[in-house]
Peer 1: 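Structure provided below as structure tokens; questions to follow.
Hydrogens, waters and symmetry mates play no part in the numbers below; they use all other heavy atoms, side chains included. Throughout, protein chains are lettered first and strands after them, A, B, ... in sequence-line order, and every chain is numbered starting at 1. Note that the coordinates shown come from a computational prediction; the quantities given were computed from them, not determined experimentally.
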Amino acid sequence: MEDYNSFLENNGEQKWLDFWQKEKVFQTKDEKGKDNYYVLDMFPYPSGSGLHVGHLKGYTITDVVAKKNLMQGKNVLHPMGWDAFGLPAENYAIKTGIHPKDTIKKAISNFKKQLSSVGYGYDWRKEVTSCEPDYYKWTQWIFVKLFEKGLVYKKKERVNFCPSCKTVLANEQVVDKKCERCGTEVIEKELEQWFLKITEYADDLLKGLEKIDWPEKVKKMQKNWIGKSKGSEIDFDVQDTNETISVYTTRIDTLFGCNYMVVAPEHPILEKLKSKITNWEEVQKYINQAQKQTKIERKANKGKTGVQLKGLKAINPINSQPVLIFVGDYVLMDYGTGGIMAVPAHDQRDFEFSKKHNIPVIEVIQPEKEESPLPEKSYEGEGVLINSGQFSGLTSKEARKKMTRFLKKKGKGKSTTNYKMRDWLISRQRYWGTPIPMVKCVKCGFVPVPEKDLPVKLPELDDFKPTSKGESPLAKVSDFVNTTCPKCGGKAKRETDTMDTFVDSAWYYIRYADNNNEDEIANKEKLKKWLPVDLYVGGEEHSILHLLYARFITKALHDMGYLDFKEPFPKLFCQGMVYRDGEIMSKSRGNVVNPDAFVKEYGLDTMRLYEMFMGPAKQSTEWSDKGVTGCRRFLEKVWRLQEKIKEGYKDSDMVIREMHKTIKKVTRDINDFQFNTAVAALMDFSNTLSNQDQISKQVYKNFIILLSPMSPCIGEEMYQRLGGEKKSIFRANKWPEHDPKLIKEDDITFIIQINGKVRDQIKVKAGISKDKAREKALSSKKIKKRVKEENIKKIIFVPDKLINIVV
RNA sequence: GCCGGAGUGGCGAAAUUGGCAAACGCGUGUGACUCAAAAUCACAUGGGAUUUAUCCCUUGUGGGUUCAAGUCCCACCUCCGGCACCA
């Protein structure tokens, strides 16, 4: 008989890839009366370097899940597409003059070839490509809708700017003070930019996290990023002026201990009151110095610096005591109110600052349990108030309520909520992106391009460099720039910035439901059928950016009535990375395993099986070239097992029992993303089968069915050999179910412990009673040697498992 | 500093959620087949002691709860990821 090796050599796997394509096995059908299941990968950026086996882990997971669901008779939507706008192709274009469109086209075709060669069952009719006009038309449409809803605005701000990519970056795209994409140190620039009001959805985004089935870690990261805190805003009058300075604090209970305050260098009060500040020269010098630095540089100054505003004092509204005012660069203008109250006794930072400037430390909170670290260190915890007038004796918690109420009555305070999350800066001064569909008219201001005129097409260019002024290259195309106002028909100019590519990827999962629709983002019926996504799989690195933006856009579209769900991805699974030699696989490290070469040497079935077997899917694991051989040997063994098949053979009870156990475990493990143990269970069962002289067709068939989501080619080959069926194994609807009755064993190994240590094991009938077990245990030789009846204190009996004799 | 996650053989890892620690696979060793090698098959493989059909120890460290702890509790150490002048 032909062996597995010659099956591979004779293009056995390719035969089935062709067959599935020809028979449209993996095309999405929506047959009536079947459940719909939408399983989605995060769509990739088609890079020039192609895919490596690390990328394929996530894709293999979704494909296994998709195939299993298909075999269970569901309608499955399992699409793939391309996040095709963005900097790499554009930078490459600047270097080489090759149009990004061509670079991307080539990369896509390469990716497609690679993905297809691994046997993934995507329905390519559903493909979406974010740089195509029929796609970005809807990106622009969303922008216009958001604009109409008041969720888009343009404003001048100091923004993060990457000098190498020559574009601004969203806060989320600055990682470790560096550009997320190219690693260049980010600088700050004051520029007019488009923003999406994601902050309006801060609370919704936070609340939505409670209901979705996502890794705890990802939810926590989003929660931290949103950074909600509840506190109070307190107004401090400035003595002998009409001005007040507001501060935000979460610890209003420490207010009696506040004897100085600090404002940000950008705080407007400074300019307003400069005539009253007696040391203005010194203050101004400090401000200038601070403003020369970026936020990032300021953060680098670890010591808290500041200069007192001499001649000015504020009044603490709770006790009318004078409060010194400082300007300090560690106070941020864009968080809270741009001013803080300082309580040296109960904030370590304030404590250190007060030492430097000889400010007294007033203790107002006494710890309830521990000893106060004062005067060596501040006490930052909660406790009972002292030195706090009428509020003394209250706990921190009570005091916060009462003091806020007190100040509110006086008109000096209120409770507020603050978020760390900022609005999403989406304009980019680059070519290769979705044009922002806005027109600036001298008379009407910014006017959105009407829906009927969408898409605003990206003009063909051959010069991709931003202008010397740092504008988008589109600014150089007068045909594009000069237009008429959609409102008044007068002369107008187009916006030349393009959108952050994260806008493109914030909604693509919607489009798969109806990717060829020219009139709507997607047909309502189709949306209802498929969305939200049943399972979303991708890397943890998208925990904040992509996943937060996608949730935001979904919520906004929901509130405008276009979607009837609030969360796009009720279930998220994040696969771990694949390392090699202890490092992330990457071309620059030179440690990538190329899937093409791998498939050629071992076959795609082995490759997929190993991806699933190498370790827990959610955990990062090390790729081992040697570990692969185990999977290959296993498939060879599976191949050889067919020699043992005998039509009508009656398998032993043990084999039947093991089969049902395997069905149960494999089905459950795939549902739980424990693919590694699912494969182990199959290996185990194959070992059992190898030990049989003969096996029935049915047992082998079930085994093959369970294996085929992981290793589809050998699955289809064996299935066809067995049945002579015309239908593909994936469309035969034959996923087996286990029979719980047949899993139960009659004879079990029963453990006998003495004081919790295993001393003997005996074979007993299942369901043995406690008394019977005790009797058997005590009659064991090994136990007799160690235990005298009269010394027995207690007997613990765990049915069908063990008996523990305590002496 | 804060918030997560992890720590089990030579290696990747299992452990039905408190009940035989090391399933499955890799590697290694011995044997069978072979002129030989590869492949395959069989057996062994956490550490230590030994009178070798016997005993002791072992899940990062130290303590605790329990008849019983890799699993629960407390403290600590190490590694990885995220956030970080956020008031």
Side-chain angles (χ1 to χ4, degrees), chain A residues 3 5 175-176 215-225 227-229 231-232 247-251 254 261-262 295 298-305 328-332 334-343 347-350 353 418-421 540-541 543-544 576-577 609-610 613-616 618-634 636-637 640 661 664-665 668 674 676-687 690 749-761 782 793-807:
Chain A
D3 64 8
N5 213 16
V175 177
D176 211 12
E216 241 6 81
K217 185 182 179 183
V218 177
K219 290 209 249 183
K220 269 270 159 58
M221 278 166 74
Q222 292 214 350
K223 201 176 161 195
N224 290 342
W225 187 264
K228 180 176 182 166
S229 79
S232 325
V247 300
Y248 172 73
T249 179
T250 53
R251 292 298 303 275
T254 64
M261 61 197 305
V262 188
K295 278 183 222 160
R298 278 204 217 166
K299 280 180 203 170
N301 303 337
K302 276 282 167 222
K304 315 296 172 231
T305 64
D329 65 1
Y330 67 95
V331 178
L332 307 174
D334 62 0
Y335 181 78
T337 60
I340 61 163
M341 65 175 229
V343 184
D347 182 290
Q348 188 57 23
R349 196 178 49 189
D350 299 344
F353 193 93
N418 256 303
Y419 300 90
K420 288 186 198 170
M421 185 170 65
E540 232 162 41
E541 67 274 16
S543 299
I544 296 170
M577 298 242 233
L609 194 69
Y610 181 63
F613 183 61
M614 58 192 288
K618 69 175 172 189
Q619 189 179 302
S620 296
T621 37
E622 174 82 17
W623 179 276
S624 151
D625 296 313
K626 283 199 175 146
V628 167
T629 59
C631 290
R632 170 62 189 263
R633 288 209 275 251
F634 165 68
E636 286 166 6
K637 203 172 191 178
R640 285 195 304 268
K661 275 187 181 170
K664 183 180 176 188
K665 182 151 180 65
R668 197 188 53 202
Q674 283 162 5
N676 55 332
T677 50
V679 176
L682 287 167
M683 289 172 165
D684 222 352
F685 188 45
S686 84
N687 289 340
S690 297
T749 309
F750 196 77
I751 302 300
I752 306 168
Q753 295 183 334
I754 298 171
N755 289 339
K757 292 200 168 171
V758 180
R759 291 305 179 194
D760 199 6
Q761 38 184 283
K782 287 182 188 170
K793 275 197 200 144
K794 203 172 169 186
I795 299 244
I796 309 283
F797 173 73
V798 182
D800 287 351
K801 234 168 221 152
L802 58 80
I803 189 163
N804 187 11
I805 303 162
V806 186
V807 294

Peer 1: Does the structure show a Watson-Crick or G-U wobble partner for B:A44, both distances under 3.5 Å? Name it, or say none.
Peer 2: B:U28

Peer 1: Counting distance alone, no hydrogens or angles: does the base of B:C67 have a donor or acceptor under 3.5 Å from a partner atom on the side chain of A:Asn804?
Peer 2: yes

Peer 1: Between B:A15 and B:G7, how many Å separate the two P atoms, rounded to a whole number?
Peer 2: 12 Å

Peer 1: What nucleic acid atoms does A:Glu622 come within less than 4.0 Å of, heavy atoms only: base, sugar-phosphate, or nothing?
Peer 2: nothing

Peer 1: Write down the distance separating the C1' atoms in B:A21 and B:A68, rounded off to the nearest Å.
Peer 2: 14 Å

Peer 1: Are any side-chain N or O atoms of A:Tyr610 and backbone N or O atoms of A:Gly630, one a donor and one an acceptor, separated by less than 3.5 Å?
Peer 2: no

Peer 1: Please tell me if A:Arg640 has a side-chain N or O lying less than 4.0 Å from either OP1 or OP2 of B:C41.
Peer 2: yes

Peer 1: Report the base-pairing partner of B:A84 (Watson-Crick or G-U wobble, both distances below 3.5 angstrom), or none.
Peer 2: none

Peer 1: Does A:Asn687 make a side-chain N or O approach to OP1 or OP2 of B:G25 shorter than 4.0 Å?
Peer 2: yes

Peer 1: It should be established whether A:Arg632 places a side-chain nitrogen or oxygen under 4.0 Å from OP1 or OP2 of nucleotide B:C26.
Peer 2: no

Peer 1: Using the P atom in both, what is the distance from B:U17 to B:C72, to the nearest Å?
Peer 2: 14 Å

Peer 1: Any donor-acceptor pair under 3.5 Å joining the side chain of A:Glu540 to the base of B:G81?
Peer 2: no

